[in-house]
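Single-structure report; data block below.
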Amino acid sequence: MNKQKRFGLIDCDNFYVSCERLFNPSLEGKPVVVLSNNDGCVVSRSKEAKALGIPMGAPFFQWKEFFQSHKLIALSSNYTLYGDISSRVMELVEASAPLVEVYSIDEAWVDLTDSPSPYEDARELRKKIWRWTGIPVTIGIGPTKTLAKVASKIAKKTDNLRGVNFLSNEDQIIAALSTIDVEDVWGIGHRLAAKLKELKIHSGLDLRNADPFHIRKLFSVMLERTVWELRGISCFDFEENAKPPKQILSSQTFGKALFQLDELQAAMANFVNEAGGKLRRFGLAAGSMTVFVRHGSFPGQVTSATLRFIEPVEDTITLLDKGESLLQSVYKPNRTYTKSGVLLFDLQPRENRQLAFWSRKEEKEEKLRTLSQLLDDWSMGRSKPALRVGTELFSENWRLRAERKTPSYTSRWKEIPTVRA
DNA sequence: TCTGGGGTCCTAGGACCC
DNA sequence: TCTGGGGTCCTAGGACCC
């Protein structure tokens with residue numbers, strides 16, 4: 001019999017809003033939201049904003065009047081800042097447990113299986129993160145990942161738990177699941193929830209009590225695993241963070257609709273530059289590349305073109321060259337373009353590549369690699385790289401709006417806050 | 001001819017997550 | 001005027017093979 005596992009989930013409270021509050025304490029206690037790229041929709045809400053009924057993902061333009069009449073504060077997102085604060089939080093988490101999986105910018109799993117006092121450990125860690133970074137977190141603990149999620153979900157809406165919830169026995173688990181809507185179970189989206197409700201499965205407890213094999217037949221193995229997890233049998237284990245990505249996507253909705261090929265080329269060059277940088281940071285080369293554009297009125301149509309390389313490619317210059325041809329093949333004049341992007345996939349470790357046959361070719365590749373590296377170095381930490389691939393300079397029209405952005409307090413010298421004594 | 005069974009590989013699309 | 005971006009996993013169906 002395997003030893004019962006114990007998973008802890010560390011989850012930052014409304015993370016983006018909390019980051020903004022670090023540098024602007026006047027936002028404390030007020031309803032605040034952070035908007036997605038392009039100031040399109042709401043992606044993070046303070047407690048006060050949630051209480052006013054703003055849903056996650058609400059399109060900002062539809063709520064503008066509501067914001068004004070309720071004195072709601074909306075901020076553009078500042079991902080450089082959030083990434084920086086995140087790594088400070090994660091450093092503390094990583095020092096706290098033998099096994100840690102950073103799951104997203106604001107969440108991490110920790111292995112508490114061998115801890116003699118998980119609850120006290122969690123309290124301690126929460127206090128430490130708060131003192132050292134100023135970020136409030138909630139910690140849920142349970143015998144499976146799915147149950148740890150449930151624990152944290154409940155902690156977030158129950159003030160007297162003070163940010164830590166440990167589901168340590170069967171009775172507590174059953175009680176907790178009876179208060180959770182099936183839609184709030186990890187892995188159940190609104191589509192599955194609707195189908196489950198037709199089967200009279202409304203709460204987390206109903207799903208736990210459903211027959212896993214029946215669920216598998218009606219839905220999928222994934223959902224079956226969720227049922228087992230709710231019963232305390234772990235199916236989703238820790239995953240190594242070193243796992244390289246399987247695809248790299250860089251895309252954006254434009255600040256305004258575009259028509260010209262050269263404007264699209266400028267945007268595409270930027271996406272390639274970004275995707276290429278990420279490719280090399282992971283030591284990967286791409287086997288295939290897709291360029292896509294969205295056109296027509298919302299939500300519009302997507303047209304794409306894909307190229308499979310004869311040999312995996314890692315340098316930005318080649319990617320850029322192929323990207324241009326791909327874009328040309330999908331471009332038609334007199335269309336309104338609203339979004340585009342570049343997708344790199346069939347990723348493989350660089351070492352796997354066949355050695356070039358001619359030394360000449362090797363030399364050339366070496367040069368391209370150095371040049372790409374140079375581009376990466378120059379781009380680091382700058383929102384506007386000083387050195388860029390020529391095409392990027394063509395047009396800035398695709399760039400998005402960020403009218404409410406706060407400064408990059410921690411990552412750009414010019415924007416570090418000054419303190420007056 | 002109205003039609004087998006078993007396998008693999010690939011792709012597109014659905015669903016979910018943060 | 002205005003609706004994010006970056007991912008993963010699974011499944012069904014088609015092509016192809018013996």
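Quick note on labels: first sequence line is chain A, next is B, and so on, each numbered from 1. For the numbers below, each heavy atom of this structure counts, side chains included, while hydrogens, waters and symmetry mates do not.
- A:Ile105 comes within 4.0 angstrom of no nucleic acid atom, judged by non-hydrogen atoms across all strands.
- Looking at heavy-atom distances under 4.0 Å, A:Leu35 makes no contact with the nucleic acid at all.
- Environment of NZ in A:Lys197: crowded, with over 12 heavy atoms of neighbouring residues, nucleotides or ligands closer than 6.0 Å.
- If you check every strand for non-hydrogen atoms under 4.0 Å, A:Tyr103 touches sugar and phosphate atoms only.
- Bracketed by its first and final contacts, the part of DNA chain B lying under 4.0 Å from non-hydrogen atoms of chain A reaches from B:dT11 to B:dC18 in 5' to 3' order.
- The pair A:Glu229-A:Arg208 fails the salt-bridge criterion, with no side-chain N (NZ, NE, NH1 or NH2) lying under 4.0 Å from an Asp/Glu carboxylate O.
- By the 4.5 Å heavy-atom criterion applied to side chains, A:Leu207 and A:Val227 are counted as neighbours.
- Judged by closest nucleotide on DNA chain C, A:Met56 is the one of A:Met56 and A:Leu249 placed further toward the 5' end.
- Nucleic acid contact class of A:Gln247 (heavy atoms, under 4.0 Å, all strands): base.
- Toward the 5' end of DNA chain C, the nearer of the two residues A:Ser250 and A:Glu239, judged by each one's closest nucleotide, is A:Ser250.
- Around NE2 of A:His202, the count of heavy atoms belonging to other residues, nucleotides or ligands within 6.0 Å exceeds 12.
- Taking the six-membered ring wherever Trp is involved, the centroid distance between the rings of A:Phe7 and A:Phe236 does not fall below 6.0 Å.
- A:Arg294 comes within 4.0 angstrom of nothing in the nucleic acid, heavy atoms only.
- Residues passing the salt bridge (Lys or Arg N to Asp or Glu O under 4.0 Å) test with A:Glu183, sequence neighbours excluded: none.
- Cation-pi geometry between A:Arg225 and A:Trp228 is not satisfied (NZ or CZ under 6.0 Å from the ring centre, within 45° of the ring normal).
- Environment of NZ in A:Lys47: sparse, with no more than 12 heavy atoms of neighbouring residues, nucleotides or ligands closer than 6.0 Å.
- Using a 4.0 Å heavy-atom criterion, one finds that A:Arg216 contacts no nucleic acid atom at all.
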Would you write the dot-bracket representation of DNA chain C, where each base gets (, ), [, ], | or . depending on whether it forms a Watson-Crick or G-U pair under 3.5 Å and with which partner? ....||||||||||||||
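- For an aromatic pair to be called close, the ring centres must be under 6.0 Å apart, and A:Tyr16 with A:Tyr82 satisfies this.
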